[in-house]
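Numbering of ligands and ligand atoms starts at 1, following listing order. Fair warning: this is a prediction, and the values are worked out from it, not measured in the lab. Atoms considered below: every heavy atom in the structure, side chains included; atoms not considered: hydrogens, waters and symmetry mates.
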Amino acid sequence: MKLTVAIIGTQWGDEGKGKIVDYLTEYADFIVRYQGGNNAGHTIFIHQKKTILHLIPSGILHSNKICIIGNGVVISPKDLFSEISKLKKSNINLENRLFISKGCSIILPYHIALDIARETKRGKNLIGTTGKGIGPVYEDRVARRSIRIADLEDESNLRDSLKELSDYYNHQLVHYYYTDSIPYKKVLQDLISFKDELLLLSSDVSNMIIQGIKLNKKIIFEGAQGSFLDIDQGMYPYVTSSNTTSGGIFAGTGIGPHYLGYVLGVVKAYSTRVGFGPFPTELFHDENDYFFKKGKEIGSTTGRRRRTGWLDIMMLKKSIIVNSITGLCLTKLDVLDELSEIKICIGYKNKINNNVVLDTPCSIKEWNRIIPIYRIVNGWKKKTLGIKKFNDLPFEAREYIRVIEDLTGIPIHVISTGPDRNDTILRMNPFNF
Ligand code: IMP
């Protein structure tokens, strides 16, 4: 039996983690986010009702579970409270259920303006960020000048540090990016208006989790984005600014590695990515249209069309190592239902000399130099949507699952066959592993 389960995206995010977190929340007591901010978008369907969460852990939709936001998460107070008020309007009670670390850095309007100004200046070399200020706020954190929730406790200090930041950023915005400055007084007023509510939600998250474990509480660590967007392990510089891989859990919540029992790697039955950067198995034209339409591949945070491609086992194997993955969860299997054949990328070769490339590359130059080697397997051309038992899946779908297990050496413990919470096959409950 395991007390703690991490749910991690193994690709570029949008693997369907939100649904899986929501599904497994039934077996958990605490759901904890540890990195990223409202750049994430977790879409959950319950009885056809769609909810998109950006910041609050997906477990909030279950009435009696505790949701925790760890110090590794960056908070936009305005977006946090707008999400809270939407949930309240849907009759979701948040009282004594949402706790936020005082160590979280606060996203200020300067960060958002700078994120957008930088992308505009990059021209065709843009990263394709979500424009939520994520890069700039994490920069402030690393530079030891960010405003954290704890700083709201001392208003006089807050005024001074915000003034310094405001001068620093307005100088860049006006004199380097030639955009408008943002008035310090307005930013300060807004921050002060959120102060009491934010401090009321704040808590010692590390202690809460450890005390919870001691009391045999079951805990889910909910990842945001995916492994190839990790600042250290991803396709730098086409990455986000946090550690999306399982290592981020420890620094982002204040618990040690000893406490992590099981890591569930979530992998879509094909691949998608939003934003720019290499994508070895990317599809274009009709094939791309198929996944786009059938998989409804539109970004839930920015509304951008996602790029689509075949499943890449080389990347998946890398994710398995980087995250210490125990078992996999295969999502959106039903999206493949109409295909007569399916490609799986099982290796790479150098497109200049045709030599086989044995590992995932390290630099963008190397990524751009490789092309995929495919294995083709039969499609099933039958409906899998909503199937709840493994043995009810068509033979070819079971084969597809077996091939992925063979190629990675990791069991697929959970399969998602549709967007609804109940469209799920649970072969092994991670908490019972
Ligand atoms: P940022 O996180 O807004 O700085 O964006 C950096 C990169 O990460 C861009 O390619 C974004 O499209 C991507 N990204 C950020 N959050 C998500 C997410 O939740 N899902 C998928 N891609 C994301």
Establish, yes or no, whether a centroid distance under 6.0 Å links the rings of Trp310 and Phe291.
-> yes

Which residue and atom name correspond to the protein heavy atom nearest [atom], and how close is it?
| atom | value |
| --- | --- |
| atom 10 (O) of ligand 1 | Val274 O, 3.4 Å |
| atom 7 (C) of ligand 1 | Val239 O, 3.8 Å |
| atom 5 (O) of ligand 1 | Thr129 CA, 3.3 Å |
| atom 2 (O) of ligand 1 | Thr240 OG1, 2.6 Å |
| atom 20 (N) of ligand 1 | Asp14 OD1, 3.2 Å |
| atom 17 (C) of ligand 1 | Gln225 CG, 3.4 Å |

Roughly how far apart are Ile56 CD1 and Ile31 CD1, rounded to 0.5 Å?
-> 12.5 Å

Distance from Glu83 atom CD to Leu94 atom CG, nearest 0.5 Å?
-> 10.0 Å

Within less than 4.0 angstrom of ligand 1, does [X] place any heavy atom?
| X | answer |
| --- | --- |
| Ala40 | yes |
| Thr301 | no |
| Lys132 | no |

Are the side chain of Ser246 and the backbone N or O of Asn323 linked by a donor-acceptor pair below 3.5 Å?
-> yes

State whether a side-chain donor-acceptor pair under 3.5 Å links [X] with [Y].
| X | Y | value |
| --- | --- | --- |
| Ser161 | Asp151 | no |
| Ser166 | Tyr110 | yes |
| Thr245 | Asp230 | yes |
| Asp334 | Thr384 | no |

Does the ring of Tyr262 carry Lys2 above it, NZ/CZ under 6.0 angstrom from centre and within 45° of its axis?
-> no

Hey, does Ser241 come in under 3.5 Å of ligand 1, counting only N/O atoms on both sides?
-> no

Any N/O pair Thr130/ligand 1 closer than 3.5 Å = yes

Which option out of Gly36, Gly128, Gly275 puts a heavy atom nearest to atom 11 (C) of ligand 1?
-> Gly128

Tell me which part of [X] gets within contact of ligand 1: side chain, backbone, both or neither, using heavy atoms under 4.0 Å.
| X | answer |
| --- | --- |
| Arg304 | side chain |
| Leu229 | side chain |
| Trp12 | backbone |
| Thr302 | neither |

So the atoms of ligand 1 within less than 4.0 Å of a heavy atom of Ile127 turn out to be 10 (O)

For the student: nearest non-hydrogen atoms of Glu119 and Gly128, plus distance = OE1-N, 2.6 Å

Report the relative orientation of the aromatic rings in Tyr27 and Tyr23; use parallel for angles under 30°, tilted for 30 to 60°, perpendicular for over 60°.
-> perpendicular

